[in-house]
Amino acid sequence: MTGKIGSTALGYPRIGPKRELKRALESYWADRSTEAELRETARELRIDTWRQLRDAGLDSVPGNTFSYYDQVLDTAVTFGAVPPRYAELGLGPLDTYFAMARGASAVPPLEMTKWFDTNYHYLVPEIGPDTRFSLADRTPVEQYREALEAGVTTRPVLVGPLTFLLLAKPAAGAPEPFRPLDKLPELLDAYAELLRELHRAGAEWVQLDEPAFAADRTPEQLQALGDAYRQLGGLSARPELLVAGYFGDFGEALRVLAATPVEAIGADLVTEPSAVDSLSGVPGLRDKTLVAGLVDGRNVWRTDLDRALTTAATLLGLAGEVAVSTSCSLLHVPYDVETEDIDPQIKSWLAFAAQKVREVVVLGRALKDGRDSVADELDAARAAIADRAGAARVRNNRVRARLDSLRPEHSQRGDYRKRREAQQKSLKLPPLPTTTIGSFPQTSDVRKARAAFRAGRIDRASYHQRMRDEIRRVVELQEAIGLDVLVHGEPERNDMVQYFAEHLDGFISTANGWVQSYGSRCVRPPILYGDVFRPAPMTVEWATCAQKLTAKPVKGMLTGPVTILAWSFVRDDQPLADTAAQVAMAIRDEVQDLEAAGIRVIQVDEPALRELLPLRAAQHGPYLRWAVSAFRLATSGVADSTQIHTHLCYSEFGDVIDAIVALDADVTSIEAARSRMEVLDDLNAVGFARGVGPGVYDIHSPRVPDAAEMTDLLRAALRSVPADRLWVNPDCGLKTRGYAEVEPALENLVSAARAARRDLP
């Protein structure tokens, strides 16, 4: 047997503490730097990370967690699952990789969707009967050797074969019975070859991530899991294997894995604390290392080390060895709270990635050497936990009293048919009305003005004038392009959640708390620490500024309560449903103020509705009830003539389709361009009879589709949705794109709508 795992983390952030990779990627994509320069930045980030984790005291350092874009895409490339349309572009390996992620010329990118119930996005592999798996790329081996040369022994981390195939989709044209899982035997041969090469390179451990088994799985899929790890575990020359599950309880998969020859199993004991009970009496577990995920890898609150040690003590004797880890990769939290200049009391309650690694090390030392060896660290954690629990700033009795006074009618609107008639009379829109999702590109001038205002270099009056000038420019552009329902463009917003957090009590924002969402896209999730309320209107000034510039309707743009929760680090001291209701009341106040100011169309975005859905079906009902209730509470305080829109993005909608209906929005826009309108089948299956705007322009790629391509998508949509309910819009907001792409794309969108209108009877 090789060395013990000891204290470890399942992964670490990779974008760079100062977003170095983001800047290097975007410089390379813009042809301002070379591939060699990009690769050197990546190498420096990897080495810095490995050395930091080693020096922090981890017994086992995760490796191969770096990615230029996405770890699932990396896995596809490693094992040769590159669809022919990308291989035929004739590009080098790195540019072929980026073409799969971002598209190239006339070739659209792979579909993108959410990584389980997180705000991270992965590229969906396309697997068909003709896919030929092989060890096509040896990056995991190369990075293992690179770490050795830097003086660090790592544990290579890979997406597990079952999770990879279960997240994939059948390639276009695959025969109906085919499923990606059918290719498992061939894929296992490629994994086996990689494991043998890592063994020859000196790797003692390899981590294979199987988070797909935190969700409900069929007996066939569980059987495939067991077969796969009996085969990989039976290899004669291989590293020892840690199979890690996270984002929930491994469930039946735990017993399946315990019966295979793998040496270690990683269990998330944070997401579902009751998972501890499932570890008792599992046959085969006593012969393995249990890697106990006791430090939350997804939220930013300090760990209750006393409670974690008590949990760890109950595990001793259940497994051959007990190691301590994060509950999942630390990819989902920022780098280091010590870089933040925030309220000292709240700061003392927080732990980012660097602090969580130290917590893991403390727990590992306590298990090995006893609590007295880390007495000071335990005292400090104990004091912080107690201070947070007793802090007066966490509770607001007025907020709680207001929620207690709510009645069922506060979450109900009038009959949809009557609303629709009132809205048609008020808005007078043409068939297939055109609009955007909300944001327009944020120019350097806009970002500089926001930064100057924050730094005090310009006063509020000057800043507001600059924002009004930008709104005027955006409205005039939309008028010239010919859009039917306009937006103000959101120049004042740094982020669709952070902006609202900065205007709501109960939140605190960070300066450097960046988290990767996909590729070079990073967000700074705010921290929701206490009861939430709205001190003053947040968007009314900007929406009314735009409405005064045009006779066309302008949409008021808000973020919904579920998405604000999903894209924040949320307090863990009360049920999410209660926190959602508090946020919903704040948004309700804003909706009513927008209506009173003359805004007749109000969009409340809920792109994270599917994202927060629990992975186990048994938990779906309670979540969807409070999620729908929060949205309806936020949007039901307006007249029938006020049109309520919502927006949903990058999700598999089938699981929440009934909830989408229950939201009772007048118009729902959804991302549909990459999937070629597949989502409309789900909507039709439940008799969805509201307005719908399936995106015809994928904004997550720099590629500009022509009018003919968008027209084809619209015609496909019209086969599923009658013209009197179909809207025409991009997939998502335009903030991350440039005007050089956006203007021609929107012109093509309007042209496509006009062409489709000409087809109407």
Output side-chain donor-acceptor pairs under 3.5 Å for residues 312-320, partner residues at least two apart or in another chain, one line each.
| residue | atom | partner | partner atom | Å |
| --- | --- | --- | --- | --- |
| T314 | OG1 | T311 | O | 2.5 |

Throw together a table of side-chain donor-acceptor distances under 3.5 angstrom for residues 146-156, partners on residues two or more places apart or in other chains.
| residue | atom | partner | partner atom | Å |
| --- | --- | --- | --- | --- |
| E146 | OE1 | R46 | NE | 2.7 |
| E146 | OE1 | R46 | NH2 | 3.2 |
| E146 | OE2 | R46 | NH2 | 3.1 |
| R155 | NE | Q207 | OE1 | 3.1 |
| R155 | NH1 | T8 | OG1 | 2.7 |
| R155 | NH1 | S60 | OG | 2.6 |
| R155 | NH2 | T8 | OG1 | 3.3 |
| R155 | NH2 | A9 | O | 2.9 |
| R155 | NH2 | Q207 | OE1 | 2.7 |

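Nearest heavy-atom pair, L165 versus L184, reported as atom, atom and distance to 0.1 Å: CD1-CA, 3.6 Å. Among all heavy-atom pairs drawn from L188 and P161, the shortest one is CD2-CG, 3.9 Å. Of all heavy-atom pairs between V570 and L565, the closest is CG2-O, 3.1 Å.
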Chi angles and distances behind the side-chain contact (heavy atoms from CB on, under 4.5 Å) call for V515, F569: CA-CA 11 Å; V515 175; F569 295 119; 4.1 Å; yes
Would you check, one step at a time, whether the test side chain to side chain donor-acceptor pair (under 3.5 Å) holds for Y246 with D209? CA-CA 8 Å; Y246 43 82; D209 288 350; 3.0 Å; yes
For V243 and L225, what are the C-alpha separation, side-chain angles and deciding distance, and is it a side-chain contact (heavy atoms from CB on, under 4.5 Å)? CA-CA 11 Å; V243 181; L225 179 72; 5.6 Å; no
After noting the C-alpha distance and the side-chain angles of Q516 and R14, does the key distance pass the side chain to side chain donor-acceptor pair (under 3.5 Å) rule? CA-CA 8 Å; Q516 185 181 24; R14 60 200 182 203; 3.0 Å; yes
I'd like to know whether R238 forms a salt bridge (charged side-chain N to carboxylate O under 4.0 Å, His left out) with E263, so could you lay out the CA-CA distance, the side-chain angles of the two residues, the decisive distance to 0.1 Å, and finally the verdict. CA-CA 12 Å; R238 62 166 176 84; E263 286 75 20; 2.9 Å; yes
Please lay out, stage by stage, how E193 and E197 fare under the test side-chain contact (heavy atoms from CB on, under 4.5 Å). CA-CA 6 Å; E193 184 178 355; E197 288 209 13; 4.1 Å; yes
Verify ring pair (Phe, Tyr, Trp, His ring centres under 6.0 Å) between Y191 and F79, making sure each step is shown before the conclusion. CA-CA 8 Å; Y191 268 83; F79 296 113; 4.3 Å; yes
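For the pair D268/C328, no side-chain contact is recorded, criterion being any heavy-atom separation below 4.5 Å from C-beta on. Annotation: side chain of L38 is in contact with side chain of L94 (closest heavy-atom distance under 4.5 Å). The side-chain heavy atoms of Y28 and T34, taken from C-beta on, include no pair separated by under 4.5 Å. Between V357 and Y12 there is a side-chain heavy-atom pair separated by less than 4.5 Å. Under the 4.5 Å side-chain criterion, counting only non-hydrogen atoms from C-beta, R19 is not in contact with E26. The shortest distance between side-chain heavy atoms of L254 and F213 does not fall below 4.5 Å. Put simply, the side chain of W301 reaches to within 4.5 Å of the side chain of I527, judged on heavy atoms. Under the 4.5 Å side-chain criterion, counting only non-hydrogen atoms from C-beta, S329 is not in contact with T65.
Distance check: T163 OG1 to E210 CD gives 4.0 Å after rounding to the nearest 0.5 Å. Between the CG atom in L198 and the CG atom in L158 there is a gap of 7.0 Å [rounded to 0.5 Å].
R230 pairs by the salt bridge (Lys or Arg N to Asp or Glu O under 4.0 Å) definition with D227, not counting sequence neighbours. Partners of R196 by salt bridge (Lys or Arg N to Asp or Glu O under 4.0 Å), not counting sequence neighbours: none found. Residues meeting the salt bridge (Lys or Arg N to Asp or Glu O under 4.0 Å) test with R298, sequence neighbours left out: D117.
Of the charged side-chain nitrogens involved, none lies within less than 4.0 Å of a carboxylate oxygen, so that D304 and R388 do not count as a salt-bridged pair.
A donor-acceptor pair is defined here as one N or O able to donate and one able to accept, closer than 3.5 Å; no such pair exists between the side chain of D249 and the backbone of E272. For the pair D59 (side chain) and S7 (backbone), a donor-acceptor distance under 3.5 Å is present. In terms of modelled atom types and a separation under 3.5 Å, the side chain of S517 and the main chain of N119 share a donor-acceptor contact. Remark: side-chain polar atoms of Q498 are not paired, donor with acceptor, to backbone N or O of P526 under 3.5 angstrom. The backbone N or O of A511 lies less than 3.5 Å from a partner atom in the side chain of E340, making a donor-acceptor pair. For the pair Y335 (side chain) and N512 (backbone), a donor-acceptor distance under 3.5 Å is absent. For the pair W205 (side chain) and P62 (backbone), a donor-acceptor distance under 3.5 Å is absent. Counting only distance, with no hydrogens or angles, the side chain of Q355 and the backbone of V337 share a donor-acceptor pair below 3.5 Å. Panel note: side chain R217, backbone A212; a donor-acceptor pair is recorded below 3.5 Å. The main-chain N or O of G16 is never found under 3.5 Å from a side-chain atom of K22 such that the two would form a donor-acceptor pair.
Ring pair Y518/Y69 is tilted by interplanar angle, where 30° to 60° counts as tilted.
The list of side chain to side chain donor-acceptor pair (under 3.5 Å) pairs with a residue in residues 364-373, not counting sequence neighbours, reads D306-R371.
Counting heavy-atom neighbours within 6.0 Å of R307 CZ, excluding the residue itself, gives a total of 12 or less.
In summary, the side chains of Q345 and Y529 do not present any donor paired with an acceptor at a separation below 3.5 Å, with no hydrogens or angles considered. No side-chain N or O of Y97 forms a donor-acceptor pair with one of D70 less than 3.5 Å apart.
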